[in-house]
Amino acid sequence: MSEKTSIAFRTKCVHAGNGIDTETGAIRRPLIMANSYRLPEDASTLNWSDADQLLYTRNTSANQRYLQEKLAALEGGEDCVVLATGVAALAGVFFTFLDKDAHVVCSNVSYIAVYRLLQEYFPDKYDIETTLVDTADPEQVKQAIRPNTRLIHIETPGNPTTRVTDIAAISRIAKEAGALLTVDSTFASPYLQQPLALGADLVIHSLTKYINGHGDAMGGAVIGCKELVDKIKRQAMVNLGGAISPFNAWMIMRGVVTLPLRMRQHSESALKIAQFLESSPAVAFVAYPGLASHPQHEIAKKQMSMFSGVIAFGLKADVATHNQFVNSLTLIVPAVSIGHDESLMVYTGPTDERNHFYPAEFQNGHLRFSVGLEEADDIIADLIQAFTICGLY
Ligand SMILES: *Cc1c(COP(=O)(O)O)cnc(C)c1O
């Protein structure tokens with residue numbers, strides 16, 4: 001598989017990491033729910049922290065390996081480590097590469113656990129400081145670099161504003177500073193964006209979202225060169241215990257097969273729905289990287305092949321009406337997460353502690369909308385009936 005580098009992405013989604021089961025001849029890798037593997041006859045020289053040998057499922061498991069092989073192929077990376085959740089992957093990166101007194105530059109729009117870890121946990125416990133900047137402006141990243149900057153962490157598109165950061169531009173700054181560039185590419189998935197090819201050192205995914213795609217298993221992954229990924233395996237998995245369940249790895253392996261088909265549909269529907277929202281008198285603003293009105297639309301066009309399924313928007317309404325709107329939806333489900341088969345929506349109010357980092361139009365709170373795989377016209381009809389109930393249409 002790895003020798004045929006010209007093989008298409010879609011083909012890799014089907015075949016990478018799969019193979020014939022040697023015992024039964026089954027043409028799919030089996031689910032192996034075992035905590036332990038038979039030791040070699042002479043176990044006296046084994047390294048019990050080895051992350052490469054099948055010993056104990058916290059060191060590595062068969063299903064984890066198959067999934068790692070598939071994801072490394074999809075991101076075009078040398079190696080991959082799969083962990084229990086997206087946050088385990090992010091924390092694994094930070095715990096592995098941040099030494100005492102290191103400095104981090106991080107996007108001020110990021111997943112909430114990243115904000116907590118870098119703004120509260122790491123400075124309080126280890127004197128590791130983080131400067132939060134608007135990474136859509138590479139100049140701000142450059143200005144924030146210090147002699148001890150070890151890591152630049154970006155999320156693009158960013159959760160929840162959909163802000164897009166120019167990966168290639170930030171990678172040039174990271175290289176000049178001798179810092180690692182880590183990119184949370186969860187919103188895009190490897191089908192729409194390939195950060196390693198744009199100069200990132202490590203790509204991080206919450207597999208819980210688009211890669212599994214069915215809202216029924218959690219996982220996280222980090223992909224990059226073997227040297228860096230090996231360190232994360234030993235720290236985050238073996239020593240910190242963030243190993244994924246073989247069952248979840250098997251579920252995600254199954255989900256990712258249809259990633260290209262799903263991402264095309266999510267992206268196509270989200271663009272149509274974003275255009276509808278932009279034209280609706282009920283709507284105060286829409287943020288979607290595929291709209292010409294998105295502030296980083298040109299960068300998004302440059303580094304993404306389509307614009308994925310997440311839209312942020314707000315209504316010309318108060319907090320109570322926003323809540324009424326979400327509760328009036330019949331198809332779209334009020335729930336957190338993104339990248340599921342069903343459409344999901346969550347309202348974050350104006351008192352959110354990170355609101356001040358967001359663009360001015362977000363100050364009245366915002367709706368984060370993960371467009372699912374339903375017929376786009378059915379989703380639009382659901383939005384219209386909820387607007388009508390709220391007296392907005
Ligand atoms: C959901 C999410 C995470 C966290 O992933 P979990 O699997 O929930 O731990 C990290 N980054 C982004 C961008 C996310 O959307």
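Just so you know, these numbers use all the heavy atoms, side chains as well, and skip hydrogens, waters and symmetry mates. Remember, it's 1-based here, ligands and their atoms both numbered in the order they're listed. Position 1 is the first residue of the sequence, and the numbers go up from there.
Without hydrogens or angle criteria, Ser343 side chain to Val371 main chain gives no donor-acceptor distance under 3.5 Å.
Shown here are the salt bridge (Lys or Arg N to Asp or Glu O under 4.0 Å) partners of Lys125, two or more places apart in sequence or in another chain: there are none.
In terms of hydrophobic clustering, with Ile, Leu, Val, Met, Phe, Trp and Tyr side chains grouped at heavy-atom distances under 4.5 Å, Ile154 and Leu202 are assigned to different clusters.
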Distances only, to 0.1 Å: what are the N or O pairs between ligand 1 and the protein that fall under 3.5 Å?
residue  : atom   : partner : partner atom : Å
ligand 1 : 5 (O)  : Ser206  : OG           : 3.0
ligand 1 : 7 (O)  : Gly86   : N            : 2.9
ligand 1 : 7 (O)  : Ser206  : OG           : 2.8
ligand 1 : 7 (O)  : Thr208  : OG1          : 2.6
ligand 1 : 9 (O)  : Gly86   : N            : 3.1
ligand 1 : 9 (O)  : Val87   : N            : 2.9
ligand 1 : 11 (N) : Asp184  : OD2          : 2.7
ligand 1 : 15 (O) : Asn159  : ND2          : 3.2
ligand 1 : 15 (O) : Lys209  : NZ           : 2.8

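Here the side chains of Ser293 and Val286 are not in contact, with every heavy-atom distance at 4.5 Å or above. Between Val109 and Asp134, every side-chain heavy-atom pair lies at or beyond the 4.5 Å cut-off.
No cation-pi contact links Arg262 to Tyr210, judged by a cut-off of 6.0 Å to the six-membered ring centre and 45° from its axis.
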